[in-house]
Amino acid sequence: MRLATWNINSVRLRINLVLDFLTSADIDVLCLQETKTEDKHFPAEAFTEAGWPHHAIRGEKSYNGVAIIARKPVTAISHRDWAGREDCRHISAQVEGGIQVHNFYVPAGGDVPDREANPKFGHKLDFLSEMTSYFAANRPERSVLVGDLNIAPLPEDVWSTKQLKNVVSHTDIEREGLIRLMNDGSWHDVVRAYFGAAEVLYSWWSYRARDWAASNRGRRLDHVWTSLDLADSVSDVQIHSDLRGAEKPSDHVPTVITIAD
DNA sequence: ATGGTGGGTCACCCA
């Protein structure tokens, strides 16, 4: 089974890019973030016609929005509210193979890494803390956690750990928080495990660069974690960096894992 | 130090 996560930054604008990716990468389960549309406008028919007829979607107007798109049935669709808000940043469902999928869009956190000066940063930290408490109390089994977690935890997850030290997404408190979520929540970073500690990995490049590929100032903000019981079932991992160079690209690229059926 | 670009909706929000 091949499972992908992708912050698509408007599923309606990029539906053809997504469909091409599903086909060419032979994806069974696709988790999207930043779909940016209400459920009634979600392009469900296009996915169905292309061969992915099973959907768990949770969107709102203009902002956020998450979805799980699959070839085979998805069941037990649910979500939780985090940090006291009902924004559409989480959906979970069971997919083929009895695998429980949690799909998250963690708040970006604004520009200033200080919860007093910038409430968005406080929201991000609160969201992270609640995830940590939840998964510490509800230890995942036969589960996958994916999404745009908006944190690059390791020096090898950014173009310059020194220059991003005080930049939201790579501050110490966020990095430590994400590691704590992984450890206390009993999750395993299969992408980092597959490529090794020394490999520099990015899944996002800003739109605000003259030439994203030439400057290559990326960050690994998108993650795929498995519960510990599935850690040895992952046989392949790919980050589709080439899609950052697509026509009208998302600023994020898909990450794909192959997991034993 | 600053501003750079892009998406959604319709004067600004968000990333």
Side-chain angles (χ1 to χ4, degrees), chain A residues 5-21 31-44 46 57-67 82-91 103-115 117-128 146-153 157-160 162-171 174 178 202-223 240-255:
Chain A
T5 182
W6 195 3
N7 179 321
I8 196 59
N9 188 19
S10 175
V11 68
R12 286 196 283 179
L13 185 71
R14 275 180 260 285
I15 182 63
N16 290 328
L17 188 65
V18 179
L19 295 178
D20 287 349
F21 166 71
C31 298
L32 295 170
Q33 305 86 36
E34 283 210 88
T35 53
K36 289 190 169 178
T37 184
E38 294 171 283
D39 295 351
K40 63 184 178 188
H41 294 131
F42 190 90
I57 61 176
R58 189 164 169 255
E60 62 189 280
K61 195 173 181 176
S62 299
Y63 304 114
N64 311 318
V66 285
W82 307 86
R85 304 194 193 194
E86 296 182 355
D87 51 3
C88 296
R89 295 181 179 275
H90 173 237
I91 194 165
N103 180 11
F104 280 97
Y105 175 48
V106 172
D111 288 332
V112 181
D114 178 284
R115 68 156 67 232
N118 169 24
K120 290 181 190 173
F121 194 68
H123 179 214
K124 184 179 196 174
L125 297 180
D126 292 344
F127 196 105
L128 203 60
V146 305
D148 177 3
L149 306 185
N150 264 314
I151 298 172
D157 294 328
V158 294
W159 65 274
S160 168
K162 194 172 171 180
Q163 287 181 255
L164 294 176
K165 184 171 176 48
N166 296 314
V167 173
V168 173
S169 74
H170 194 63
T171 63
E174 293 168 273
L178 199 72
Y202 309 141
S203 65
W204 172 90
W205 291 258
S206 173
Y207 283 127
R208 299 176 188 175
R210 284 204 190 96
D211 185 332
W212 71 274
S215 57
N216 197 24
R217 296 184 169 189
R219 306 176 203 170
R220 186 170 70 113
L221 304 179
D222 303 275
H223 298 274
H240 287 244
S241 312
D242 56 309
L243 282 169
R244 184 60 179 80
E247 196 174 333
K248 298 280 266 176
S250 170
D251 45 354
H252 297 253
V253 299
T255 303

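Labels below follow one simple rule: chain letters A, B, ... track the order of the sequence lines, proteins then strands, and each chain is numbered from 1.
- One can place CG of A:Asn7 at 14 Å from C1' of B:dG8, the figure rounded to the nearest angstrom.
- Taking OG1 of A:Thr37 as the reference point, atom NZ of A:Lys61 lies at 10.0 Å (rounded to 0.5 Å).
- The side chain of A:Tyr63 sits closest to B:dG7 out of B:dG7, B:dT9, B:dA15.
- The nearest whole Å value for the distance from the CZ atom in A:Phe42 to the P atom in B:dG8 is 14 Å.
- Rounded to the nearest Å, the gap between the P atom of B:dG6 and that of B:dC10 is 22 Å.
- Nucleotide B:dC14 holds its C1' atom 18 Å from the CZ atom of A:Phe121, rounded to whole Å.
- Taking the side chain of A:Leu13 as heavy atoms from C-beta on, and the options B:dC14, B:dA15, B:dG8, the nearest nucleotide is B:dG8.
- Under 4.0 angstrom from either OP1 or OP2 of B:dT5 there lies no side-chain N or O belonging to A:Arg244.
- For A:Arg14, the listed nucleotide lying nearest its side chain is B:dG7; candidates were B:dG4, B:dG7, B:dG8.
- Here A:Ser62 does not reach the OP1 or OP2 of B:dC13: none of its side-chain N or O atoms lies under 4.0 Å away.
- Other residues, nucleotides and ligands contribute more than 12 heavy atoms inside 6.0 Å of the CG atom of A:Asp20.
- Rounded to whole Å, the P atom of B:dT9 lies 22 Å from the corresponding atom of B:dT5.
- Using a 30° and 60° split on the angle between ring planes, A:Trp204 and A:His252 fall in the tilted class, from 30° to 60°.
- Remark on DNA chain B: of its neighbouring residues A:Tyr207 and A:Tyr105, the 5'-side contact belongs to A:Tyr207, judged by nearest-heavy-atom nucleotide.
- Using a 4.0 Å heavy-atom distance criterion, A:Arg210 is classed as making no nucleic acid contact.
- Here B:dA11 sits opposite no nucleotide as a Watson-Crick or G-U wobble pair (both hydrogen-bonding atom distances under 3.5 Å).
- Each of A:Ser206 and A:Asp251 was matched to the nucleotide of DNA chain B holding its nearest heavy atom; the match closer to the 5' end belongs to A:Ser206.
- For A:Lys36, no side-chain nitrogen or oxygen approaches OP1 or OP2 of B:dA15 to under 4.0 Å.
- We find the CH2-OG1 distance between A:Trp6 and A:Thr35 to be 13.5 Å, quoted to the nearest 0.5 Å.
- Nearest heavy atom pair, residue A:Val112 against residue A:Phe121, reads O-CB, 3.7 Å.
- Counting to the nearest Å, the P atom of B:dT9 and the CG atom of A:Asn64 are 13 Å from each other.
- Nucleotide B:dG8 holds its P atom 13 Å from the NE2 atom of A:His41, rounded to whole Å.
- Taking NE2 of A:His240 as the reference point, atom OG1 of A:Thr255 lies at 8.5 Å (rounded to 0.5 Å).
- In terms of phosphate contacts, A:Lys248 brings a side-chain nitrogen or oxygen within less than 4.0 Å of OP1 or OP2 of B:dG7.
- Rounded to an integer number of Å, the gap from CD of A:Glu34 to C1' of B:dT9 is 15 Å.
- With C1' as the reference atom, B:dA11 and B:dG7 are 15 Å apart, rounded to whole Å.
- Here, B:dC13 and B:dA1 have their P atoms 26 Å apart, quoted to the whole Å.
- One can place CD of A:Glu60 at 16 Å from P of B:dC13, the figure rounded to the nearest angstrom.
- We find that NE2 of A:His252 is positioned 12 Å from C1' of B:dC14, with the value rounded to whole Å.
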